[in-house]
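Written out below as structure tokens is the structure these notes cover.
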Amino acid sequence: MQKISKSRLYELFDAVAAKQDLYIPTDREEGAAEYKKYESGMKLTKELNTVRSAKDFFFPQTENLAEFRLEGKNIEVKDIREECDDFVIFGVRACDAKSFTILDKVFLCEPVDSFYKNRRDHGTVITMACTRPAETCFCKTFGIDPTVPGGDVSCFDDGENIFFLANTEKGEKFVESISAFLEDGDTDKLMEVQTRAREIMGKLPLANLSTGNFGGDKLNEYFNSDKWAELSEACIGCGTCTFVCPTCQCYDIKDFNTGHGIKRFRCWDSCMYSDFTKMAHGNPRLTQLERFRQRFMHKLVYFPANNDGEFGCVGCGRCLAKCPISMNIVKVMKALEAK
Amino acid sequence: MQEAMIKRAKELLADGSVDRVIGWKRGEFAYDITPAVFTSAEELDRDFVCDDFTAANVSKYLVKETQKEGKVLAFLKPCDTYSFNQLVKEHRIDREKVYVIGIEGGPKLDIEKIRAKGITGILGVRNEDYTLKIETIYGTQTMPFYEAVLGKCASCKSKKHVVFDELIGEDGDVLDSNRFEMVEKLENMTAQERFDFWRDQLSKCIRCNACRNVCPACTCENCVFDNPKSGIDNKAPADSFEENMFHIIRAFHVAGRCTDCGECSRVCPQHIPLHLLNRKFIKDINELYGEYQAGADTTSRAPLTDYNKDDCEPSIVHERGVE
Amino acid sequence: MQVNENFEPVIVAFCCNWCSYAGADLSGTNRLNYPTNVKIIRVPCSCRVNPMFILRAFQKGADGVIICGCHPGDCHYTSGNYFTRRRITLLYSMLDFLGIERDRTRLEWVSAAEGAKFAATMQQFTEDVKALGPNRRLEDLRCRKQ
Amino acid sequence: MQRIGVFVCHCGTNIAATVDVKAVAEALGHEPGVVISQEYQYMCSESGQELVKNAIKEQKLTGVVICSCSPRMHENTFRKAAASAGLNPYLVEIANIREQCSWIHKDIATATEKAIILGRTAVAKVHLNTPLTSMESPVVKRALVIGGGIAGIQTALDIAEAGFDVDIVEKNPTIGGKMAQIDKTFPTLDCAACILTPKMVEASQNERITIHSFSEVADVKGFVGNFTVKIKKKARFVDETKCTGCGLCTEKCPMKKVPNEFNMGLDNRSAIYIPFAQAVPKVATIDPNYCMMMKSGKCGVCSKVCSAGAIDYKQQDTFIEQQYGAIVVATGFNPIKLDKYDEFAYNQCPDVVTSLELERLMNAAGPNGGTLLRPSDKSHPHTIVFVQCVGSRCDDEKGKPYCSKICCMYTAKHAMLIREKYPDTEVYVFYIDVRTPGKNFDEFYRRAVEQYNVHYIKGMVGKVTPKSDGKIDVQASDLLAGEQLHINADMVVLAAAIEPDKTARPLATMLTTQMDTNDFFTEAHPKLRPVESATAGIFLSGACQGPKDIPETVAQASAAAAKAIGLLCKNSITCNPCVAHSDELMCNGCSSCEKVCPYGAITYVDKEFRMPDRSTKVRRVASVNPAVCQGCGACTVACPSGAMDLSGFSNSQIMAEVDAICK
């Protein structure tokens with residue numbers, strides 16, 4: 001495998017950033033990392049993952065869709081779509097990388113979401129294998145091996161070097177473009193690191209969590225479970241879980257009157273909100289229990305039902321860490337299974 | 001204390017004094033507790049927890065709980081009693097339906113502060129003489145207790161329960177806290193510095209509404225930001241203005257009502273120091289209209305529904321502090 | 001700071017119906033000039049002015065917002081302007097806390113007899129806002145005029 | 001879809017000279033929803049209004065914008081015009097392009113641009129206007145007067161004269177108030193009783209007036225035109241309907257050592273008493289604190305001597321409830337207590353008296369039968385010192401910050417009367433200023449100085465010290481002469497400040513009216529509505545609103561009566577439709593709005609709501625009484641959920657205006 005010494009990594013970043021926008025996970029403050037456009041001098045975070053997921057790159061929180069102007073009785077619509085520039089995201093974890101394939105199922109199926117596709121086409125995802133998983137990690141539950149992350153290029157850290165492995169055509173192109181920085185390397189130490197990481201994976205508190213009791217065929221089993229009342233009791237109906245989630249993909253479309261025209265934009269929405277999917281007749285899910293159930297049933301039952309058994313969760317653990325009342329998919333799975 | 005609480009809760013359930021108990025339920029890890037309602041001794045024995053991580057203020061849940069039949073036993077920390085009182089004052093909680101047991105307050109711990117030390121894979125947290133022994137997958141780590149204390153507890157305003165039917169443990173006093181230090185520091189910055197500070201902070205906002213939804217002062221049937229009729233509803237900050245707008249209006253709506261319980265900042269996934277906005281209002285109110293502590297009682301007139309004929313003019317904003 | 005000689009600020013003035021709006025009328029009756037930048041919105045009482053309106057004005061492109069009401073003690077509704085004074089003091093203080101320029105917001109008590117004061121106040125306020133330049137710290141970029 | 005008509009007025013050249021009215025009409029014609037946009041010479045003229053009316057009918061307009069002079073000028077004109085053409089008058093908006101545009105700007109281009117923006121703003125607002133209908137609320141044709149002093153009596157007489165029933169509630173056993181205690185009145189020096197008692201009799205005999213003496217207001221509910229008042233009739237232990245007022249009981253009562261309030265405690269009365277000879281109603285009252293029968297059950301003399309059988313030792317307080325259309329407050333004043341004024345030795349020396357006590361000492365019905373004698377030894381005083389402003393115009397905690405207004409004049413009166421009757425008595429008056437604004441007031445004062453040789457000394461009395469020989473040492477400074485004085489006086493008279501009656505504040509709370517920090521009732525407007533409180537249907541009569549002399553009190557009493565009559569004449573009240581209303585689905589019931597409402601227009605009700613999930617929930621929600629609300633909008637901002645909104649000036653309307661201006 002080709003590698004670069006860690007001491008030269010920022011040199012590489014400088015070179016990549018000179019050609020296209022490069023985003024790396026960096027510390028915003030102690031203990032909180034975020035993806036930021038790379039500028040010389042910026043350092044990679046030591047955190048396992050960013051607070052917000054990497055989905056923002058392809059599905060940003062707000063996005064303008066169209067503009068129009070009213071003049072008397074005429075409406076003039078302006079198509080504001082334009083090709084975006086190529087960009088690279090470095091340091092994506094296996095869970096987030098997997099989330100893109102889940103989002104792809106939603107946005108790239110017919111009718112294709114051209115805004116999403118545009119960004120997806122122009123973005124190169126470079127992942128980074130995990131070596132120090134946290135107690136909240138449960139990607140293994142969803143069949144993800146964090147020591148072998150996906151993406152266009154996978155990177156591995158053996159402590160001294162970063163190894164690059166292209167997975168896609170786009171990835172190959174990228175590795176090619178940085179070949180001047182790379183050299184062949186010995187992967188013995190890397191294998192050691194990987195083995196150790198896998199061992200830790202096996203010892204994580206959630207290592208034995210399984211999706212075995214969930215899937216597209218479990219609608220009747222869980223929908224009317226009396227567990228939902230207890231589980232949703234403390235839910236405050238905020239959107240934290242949704243907005244830090246790498247796979248949540250619901251949005252609302254709104255018009256904004258700027259005074260000299262209308263901007264139509266979409267923004268993230270959360271099924272936890274009382275006005276989610278509010279229609280002329282009102283809201284189909286009237287209670288927090290229903291809204292809470294919706295979110296977890298969607299991830300564990302409805303999504304696999306419509307996507308060949310693929311679950312709508314990647315086990316990144318963000319909701320476990322961030323929910324104000326510490327209610328999360330793991331607790332839901334365990335409670336439902338317990339019967 | 002946890003044992004005493006469980007014992008008392010069981011007694012009150014058994015003799016029919018209360019029908020339900022609101023407290024905290026243990027989670028998957030050492031720290032992920034969830035506010036919960038208990039109805040039986042078995043549930044209490046199995047799940048009830050009160051430890052260094054039970055920081056969540058349960059008083060807001062009583063709005064919903066007191067709309068139901070029967071009486072609820074609520075365990076309230078000193079800071080929670082202020083929120084409770086304020087909600088009683090605003091007729092949001094039916095006082096008759098709650099049996100309040102005051103319990104000792106914090107300082108409670110902030111798991112994020114432990115994580116920020118680079119400690120990960122956390123399996124257990126023990127307080128040994130104010131040193132935290134943290135059991136992790138990667139071995140045992142230690143850190144000083146006080147470095148892991150929640151921001152809201154570090155600037156605790158009161159150890160006194162302003163309302164209770166009974167106490168477990170001792171009642172404390174109103175503290176001489178340092179809670180306005182950061183507000184003062186900001187006030188002494190230049191306008192540009194303040195602007196930069198807040199832009200940096202508020203630009204992190206993802207409008208998850210956790211601050212609002214956890215806030216005991218935000219119990220509106222329908223928030224203006226969720227109500228299309230209000231003209232200012234929005235779901236996401238589509239522009240930096242909307243980040244400002246949401247937080248200014250929210251702080252204004254709770255001004256004179258916010259008890260400074262600190263839940264907003266505790267739950268913010270982006271660590272925005274939202275409590276500083278509320279504290280700014282509290283500090284201004286104290287300085288301009290006389291000391292006022294929301295929730296300290298249920299009868300006094302709130303500063304924004306009151307006036308004095310010789311109140312200062314808004315030009316005072318120009319006259320003090322730094323431009 | 002950029003100084004643009006041609007900058008014409010948009011200024012929204014909320015005037016209470018009983019004193020300040022009448023005061024504005026009086027400055028008209030007396031042919032007292034003040035800049036065209038100022039546009040008045042009539043409200044029954046200064047206490048009708050919701051902080052939302054002030055922020056909305058800045059969002060949509062205002063460079064300055066001024067509220068005018070009856071002098072304290074003279075409120076047509078006896079106590080409305082006392083509430084205004086507290087609310088607006090706190091709001092302005094909060095805007096200042098967020099680093100918004102202080103001179104973009106003002107509150108003045110103008111009676112129905114103070115036509116000259118109304119005109120002078122508007123003149124001065126417009127000049128102050130002009131000196132600050134366009135509102136950049138509390139604007140909605142989407143509303144900026146191209 | 002809205003169909004809006006825009007009408008731009010030239011106002012001759014008033015607008016057209018600086019605003020290109022054609023351009024304005026043209027530009028506004030392109031605004032969304034505008035179907036017709038015209039300009040005309042004089043929009044307010046008959047033919048201008050015709051233009052609007054025709055357009056409303058022909059174009060089926062749903063809203064009208066008039067770009068013209070100030071709405072303060074012609075809003076009503078155009079509203080009426082619209083109404084006559086079948087359009088709700090509240091669908092009319094005025095863009096003020098004269099006072100706030102053409103008259104203040106000189107440059108045609110910028111003035112025209114501004115006029116267009118103002119027009120556009122009005123169009124934006126009218127898009128959101130809703131038809132509003134004024135509510136009618138019936139008026140109960142009966143008035144309540146609280147307080148039976150000269151103010152209350154005068155108000156009641158005037159209202160009764162106009163043909164309306166009126167009730168007087170008086171807390172004392174008799175009406176008459178302070179004026180009944182006064183000996184002579186300034187500046188005419190006629191006898192107070194001679195002018196007051198006929199009015200008292202007139203009031204008692206007027207069949208439209210009901211006097212509830214020895215009664216108090218216990219509770220007030222309702223609003224303008226329809227108040228429900230609970231009146232507590234305190235037990236007087238004498239059946240009012242049976243007592244003939246013969247006075248035999250008061251003569252025979254063995255308990256005769258009760259301080260007589262009417263004579264300021266300067267003499268005594270019996271335990272069963274009639275306050276004074278001309279009392280109305282002339283009915284005896286038993287003072288249970290002194291009556292031996294009531295205290296020990298041993299006596300019963302009065303019961304035995306009463307041939308009418310009116311005595312009832314077991315009488316209880318009773319309550320009556322009555323509906324009123326209007327309420328007049330006439331609770332009056334009292335001199336302040338002088339307990340804290342040790343420097344004037346008021347508590348130490350019986351010969352230091354207040355002016356009201358002096359009135360009684362000089363009154364023919366007073367303790368000395370009208371001969372002025374020192375209370376201590378009943379000797380004739382040769383030197384009397386008057387001290388002005390005792391507790392008035394004071395900065396400290398003891399006194400009042402205001403001028404009590406009547407003291408200068410009554411002191412001149414006292415001085416003059418003493419000098420007239422006892423020419424050998426020297427009279428000194430120490431004053432800060434002598435204030436004599438009023439018809440014949442200054443002449444009156446000058447007579448005291450020039451004709452009666454009263455010694456007016458500008459200066460403060462520092463200390464009053466009773467001496468062992470029975471004289472009083474008055475230590476004072478003469479500011480004009482710049483020297484310290486010691487006067488060897490026989491009597492000292494203190495002009496105590498006056499303050500509102502103690503019952504005023506709890507009453508104000510019941511009436512939801514406002515008071516100033518001194519507990520005087522606050523008038524709705526200090527210049528334009530001096531006899532109305534800010535709460536509709538509550539009027540103010542006499543000294544409860546501020547210190548007043550008798551002529552002013554009577555004038556205000558009649559003015560308050562006129563206002564009350566004006567209200568009672570109506571069968572119903574048309575309410576301003578631009579009032580607040582609460583969206584019950586959003587209301588939290590938190591009471592913030594109620595706290596800022598100056599009119600008490602907001603109440604709370606527990607209401608059952610059907611939730612979207614078909615469950616029901618009882619919630620406390622605010623309810624605005626549109627007859628009471630005046631439409632200030634204070635509540636709309638106090639409401640965090642935005643449940644409270646104001647018709648005619650709604651949140652969405654104002655925001656639409658903001659948007660239109662900033663566009």
Side-chain angles (χ1 to χ4, degrees), chain A residues 28-32 34 46-48 51-52 61-64 132-137 200 203-206 230-231 233-244 251-252 254 256 263 265-270 272-276 278 318 320-328 330-331 334, chain B residues 22 24-37 43 53 56 58 60-61 64 111-123 136-138 200 204 206-215 222-223 226-228 233-239 242 263 266-271:
Chain A
R28 187 184 61 214
E29 61 199 64
E30 209 173 63
E34 66 179 356
K46 287 200 167 60
E47 294 295 315
L48 176 66
V51 176
R52 297 173 68 161
Q61 186 160 19
T62 62
E63 180 169 33
N64 286 333
R132 261 173 82 85
E135 76 277 13
T136 51
C137 290
I200 295 167
K203 284 194 277 181
L204 288 178
L206 303 176
E230 198 188 320
L231 289 165
E233 186 175 53
C235 177
I236 60 173
C238 74
T240 309
C241 52
T242 317
F243 291 173
V244 297
Y251 59 81
D252 194 9
K254 287 179 163 278
F256 176 76
K263 276 185 165 37
F265 67 102
R266 71 167 163 202
C267 59
W268 292 354
D269 203 347
S270 170
M272 292 292 197
Y273 288 170
S274 56
D275 55 352
F276 181 73
K278 194 169 186 173
R318 285 187 177 90
L320 274 65
K322 290 298 181 184
C323 174
I325 56 131
S326 301
M327 181 45 68
N328 51 57
V330 170
K331 289 184 181 177
K334 289 194 171 182
Chain B
I22 188 157
W24 306 269
K25 184 176 176 172
R26 71 181 88 251
E28 286 296 314
F29 309 112
Y31 52 80
D32 60 336
I33 61 92
T34 301
V37 175
E43 283 174 1
F53 289 101
V58 297
K60 188 177 181 178
Y61 289 105
K64 200 170 64 183
I111 189 66
E112 303 260 306
K113 284 196 173 158
I114 298 175
R115 291 201 179 111
K117 293 275 176 196
I119 300 171
T120 185
I122 299 163
L123 301 171
T136 81
I137 309 166
Y138 306 102
D200 184 41
K204 299 189 299 199
I206 55 171
R207 268 305 295 285
C208 63
N209 292 322
C211 51
R212 179 192 73 183
N213 291 16
V214 82
C215 174
N222 194 347
C223 175
D226 289 347
N227 176 10
D233 65 310
N234 70 12
K235 277 193 173 159
D239 185 271
E242 291 189 330
E263 286 285 88
R266 181 180 72 84
V267 302
C268 179
Q270 294 282 67
H271 298 167

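Every chain is numbered from 1 and lettered A, B, ... according to where its sequence line falls, protein lines coming before strand lines. Just so you know, these numbers use all the heavy atoms, side chains as well, and skip hydrogens, waters and symmetry mates.
Using a 4.5 Å cut-off on side-chain heavy atoms (C-beta onward), A:F256 and B:N234 make no contact. The closest side-chain heavy-atom distance from A:L206 to B:F29 is below 4.5 Å. Residues A:L48 and B:T120 form no side-chain contact, since every pair of their non-hydrogen atoms from C-beta on lies 4.5 Å or further apart. Using a 4.5 Å cut-off on side-chain heavy atoms (C-beta onward), A:R28 and B:Q270 make contact.
Remark: side-chain polar atoms of A:E135 are not paired, donor with acceptor, to backbone N or O of B:L123 under 3.5 angstrom. Side-chain atoms of B:R212 do not come within 3.5 Å of backbone N or O of A:C238 as any donor-acceptor pair. Without hydrogens or angle criteria, B:N209 side chain to A:G239 main chain gives no donor-acceptor distance under 3.5 Å.
Shortest non-hydrogen contact noted between A:Q61 and B:P237 is NE2-CD, 4.3 Å. Among all heavy-atom pairs drawn from B:R115 and A:A321, the shortest one is NH1-CB, 3.8 Å. For the pair A:A234 and B:T34, the tightest heavy-atom approach, listed with the atom from each and the gap, is CB-CG2, 3.7 Å. Smallest separation of non-hydrogen atoms from B:Y138 and A:P133: OH-O, 2.6 Å.
Only the side chain of A:E29 comes within contact range of chain B, with at least one heavy atom under 4.5 Å from a heavy atom of that chain. Contacts between A:T136 and chain B at a heavy-atom distance below 4.5 Å involve backbone atoms as well as side-chain atoms. Only the backbone of B:I33 has a heavy atom closer than 4.5 Å to any heavy atom of chain A. Of the atoms belonging to A:D252, it is side-chain heavy atoms, and not backbone ones, that fall under 4.5 Å from chain B. Looking at A:S326, both its backbone and its side chain come within 4.5 Å of chain B, counting heavy atoms on both sides. The part of A:K254 that comes within reach of chain B is its side chain, from C-beta onward, which places non-hydrogen atoms under 4.5 angstrom from that chain.
Remark: A:K322 engages B:E112 in a salt bridge, criterion side-chain N to carboxylate O under 4.0 Å. A salt bridge links B:K25 to A:E230: at least one charged side-chain nitrogen sits closer than 4.0 Å to a carboxylate oxygen. Salt bridge status for A:E34 with B:K204: absent, with no side-chain N to carboxylate O gap under 4.0 Å. Look at A:E233 and B:K64 and you find no salt bridge, because none of the NZ, NE, NH1 or NH2 atoms lies under 4.0 Å from a carboxylate O.
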Review point. Could you walk me through whether A:K334 and B:E28 pass the side-chain contact (heavy atoms from CB on, under 4.5 Å) check?
Key: CA-CA 10 Å; A:K334 289 194 171 182; B:E28 286 296 314; 2.7 Å; yes
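Between the CG atom of A:D275 and the CG atom of B:D226 there is a distance of 5.0 Å, given to the nearest 0.5 Å. Of the inter-residue distances, the one linking B:I206 atom CD1 with A:T240 atom OG1 reads 6.0 Å to the nearest 0.5 angstrom. In this structure, the separation between OH on A:Y273 and SG on B:C208 is 6.0 Å, given to the nearest 0.5 Å. Rounding to the nearest 0.5 Å places CD1 of A:I236 at 6.0 Å from OH of B:Y61. Expressed to the nearest 0.5 Å, how far SG of A:C323 lies from CG of B:D32 amounts to 9.5 Å.
In the model, B:K235 has no side-chain atom that pairs as donor or acceptor with a side-chain atom of A:S270 under 3.5 Å.
Taking chain A as the reference chain and counting heavy-atom pairs below 4.5 Å, the highest number among B:G27, B:A56, B:P35 is found for B:P35. Put simply, of A:M272, A:R132, A:K203, A:M327, the one with the most heavy-atom pairs under 4.5 Å next to chain B is A:R132. Among the candidates A:V244, A:L204, A:V330, A:I200, the residue making the largest number of heavy-atom pairs closer than 4.5 Å to chain B is A:I200.
Because its NZ or CZ atom is not both nearer than 6.0 Å to the ring centre of A:F243 and within 45° of the ring axis, B:R207 does not count as a cation-pi partner of that residue.
Annotation for A:K278: atom NZ does not count as buried by contact number, only 12 or fewer foreign heavy atoms lying within 6.0 Å.
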